Amino acid sequence: MLKRILTAIVLIPVFILLVLKLSPKAFCLFTAIIVLWAAWEWSFLMGVKQLKYSFIYPVILLFLLIGSMWLYIPGIIIGSFVWWLLALLLVIFYPKFTHTWSKSITIRGLMGWMVLIPCWLAINFIRNIPESGVYILLFLFVLIWGADSGAYFAGKLWGKTKIAPEVSPGKTWEGLAGALVVTLIITVATLYWVQASHRLWLFACLITIVTVLFSVVGDLFESMLKRNEGLKDSGRLIPGHGGILDRIDSLTAAAPVFLFSTDLMQKIFS
């Protein structure tokens, strides 16, 4: 717990500063580095055992990231939404249907593309929205951080009913309730602070709920792959938190879904 708190105290202000100060191109490069590191960790979720082969996957992903910028981004995001609905079904029915993917490096590699590429595109698309993009993106990050913290502490204090015990025994419905309560408080406080029209409050709260629910799907999906490979964490880069994937798993599902709300978010933060 102490490591988690100290790491968050150091990293969150640094990350916020980078979001605020980096140019769009520099931020695009910065997030690409994070995603490529996550891709390296994903190679172990694919079943890659030898370190010398683990770098192949991020190299391939690098070319896919570059190529994705010239594709039809709305189509990719819509495809991502469909993908996460499928991922939800895989989590719900786990360990059924594992024979279709659990031993296939190729299928798990394709899963990684669907997880990482739309998230990277969504984050940079939001960041580049004129005038309000930085603040909309920070709002998304604060929602994810708030959801993770609310779920963690509510789960520790009151958690009894497991959401998906076969996938992640630590995730509970009480923790999910804590995540929703915390993020709705954040949303209402933000709406009040920016003096958003009261007509937008209900829609903003609904967006928050949907975003948080999908963030849980992202978390559970990565947990499912780690369980399949017998891993506790995706890596050891961040003290008390595990690897990069362990920190962005919620964001991978939440960011593409949240992107659908950017028109409303622009009205709120304008």
Side-chain angles (χ1 to χ4, degrees), residues 8 10-42 57-81 83-84 112-148 186-187 190 193-194 196 200 204 207-208 211 214-215 218 237-238 244-245 247-270:
V10 173
L11 291 184
I12 288 178
V14 171
F15 189 81
I16 291 175
L17 184 64
L18 291 174
V19 173
L20 291 172
K21 297 298 183 181
L22 288 179
S23 67
K25 289 183 179 180
F27 184 76
C28 182
L29 178 61
F30 168 65
T31 52
I33 292 171
I34 292 176
V35 167
L36 291 175
W37 190 290
W40 178 70
E41 294 177 353
W42 190 276
Y57 189 69
V59 170
I60 295 173
L61 189 75
L62 173 61
F63 288 100
L64 292 174
L65 290 179
I66 296 172
S68 67
M69 293 187 291
W70 281 271
L71 297 177
Y72 183 61
I73 293 178
I76 296 176
I77 300 302
I78 293 171
S80 173
F81 178 77
W83 152 250
W84 282 113
W113 296 352
M114 294 305 299
V115 168
L116 297 173
I117 295 174
C119 176
W120 180 72
L121 289 172
I123 288 173
N124 282 279
F125 188 93
I126 294 170
R127 172 65 173 74
N128 290 332
I129 293 174
E131 298 181 2
S132 58
V134 169
Y135 305 107
I136 296 173
L137 185 59
L138 284 176
F139 177 68
L140 170 62
F141 289 146
V142 172
L143 284 183
I144 299 302
W145 297 333
D148 287 346
I186 291 171
T187 300
T190 302
W193 181 41
V194 301
L200 304 177
I207 288 167
T208 292
T211 300
F214 270 89
S215 76
L237 180 66
I238 308 174
I244 289 290
L245 269 176
R247 286 300 85 213
I248 69 169
D249 53 5
S250 300
L251 187 65
T252 56
V257 173
F258 185 80
L259 184 61
F260 288 104
S261 71
T262 50
D263 287 343
L264 177 65
M265 290 295 115
Q266 283 180 274
K267 294 178 182 178
I268 291 174
F269 287 95
S270 60

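Being a predicted model, the structure only gives us computed values, none of them experimental.
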message = Side chains of Asp148 and Ser250, heavy atoms from C-beta outward: is any pair under 4.5 Å?
response = yes
inquiry  = When you compare the side chain of Ile244 with that of Leu36, does any pair of heavy atoms fall below 4.5 Å?
reply    = no
key: Inter-residue atom distance Leu64.CG - Ile117.CD1, 0.5 Å rounding   = 4.5 Å
Val115 and Trp42, any side-chain heavy atoms less than 4.5 Å apart = yes
task = Look at the aromatic rings of Phe81 and Phe214 and report parallel, tilted or perpendicular, splitting at 30° and 60°.
result = tilted
Heavy-atom check, side chain of Ile123 versus side chain of Leu251, under 4.5 Å = yes
ask   = Can you name the nearest heavy-atom pair linking Phe27 to Leu18, along with the distance?
value = CD1-O, 4.4 Å
remark   = Nearest heavy-atom contact between Ser68 and Leu121 is OG-CD2, 3.6 Å
task = Answer whether the closest heavy-atom distance between the side chains of Phe139 and Phe258 falls below 4.5 Å.
result = yes
Minimum side-chain heavy-atom gap Leu140-Leu137 below 4.5 Å = yes
request  = Spell out, as yes or no, whether a donor-acceptor pair under 3.5 Å connects the side chain of Arg127 to the backbone of Pro24.
outcome  = no
inquiry  = I need the minimum non-hydrogen distance between Ile77 and Ala122, along with the two atoms involved.
reply    = CD1-CB, 4.3 Å
request  = Could you list the residues that satisfy side chain to side chain donor-acceptor pair (under 3.5 Å) with Thr31, not counting sequence neighbours?
outcome  = Trp120, Asn124
Partner of Val134 under side-chain contact (heavy atoms from CB on, under 4.5 Å), chosen from Ile129, Ile126, Val19 = Val19
ask   = Between Thr190, Ile207, Thr187, which is the residue that forms a side-chain contact (heavy atoms from CB on, under 4.5 Å) with Leu143?
value = Thr187
ask   = Can any side-chain N or O of Ser23 pair as donor or acceptor with the backbone N or O of Ala26 at less than 3.5 Å?
value = yes
task = Would you check if Ile33 and Trp37 make a side-chain contact, meaning some heavy-atom pair closer than 4.5 Å?
result = no
ask   = If you look at every heavy atom in Ser215 and Ala254, which pair is closest and at what distance?
value = CB-CB, 4.0 Å
note = Closest non-hydrogen contact found for Gly79 with Met114 is O-CE, 3.8 Å
key: Met69 versus Cys28, closest heavy-atom pair with distance   = SD-SG, 4.4 Å
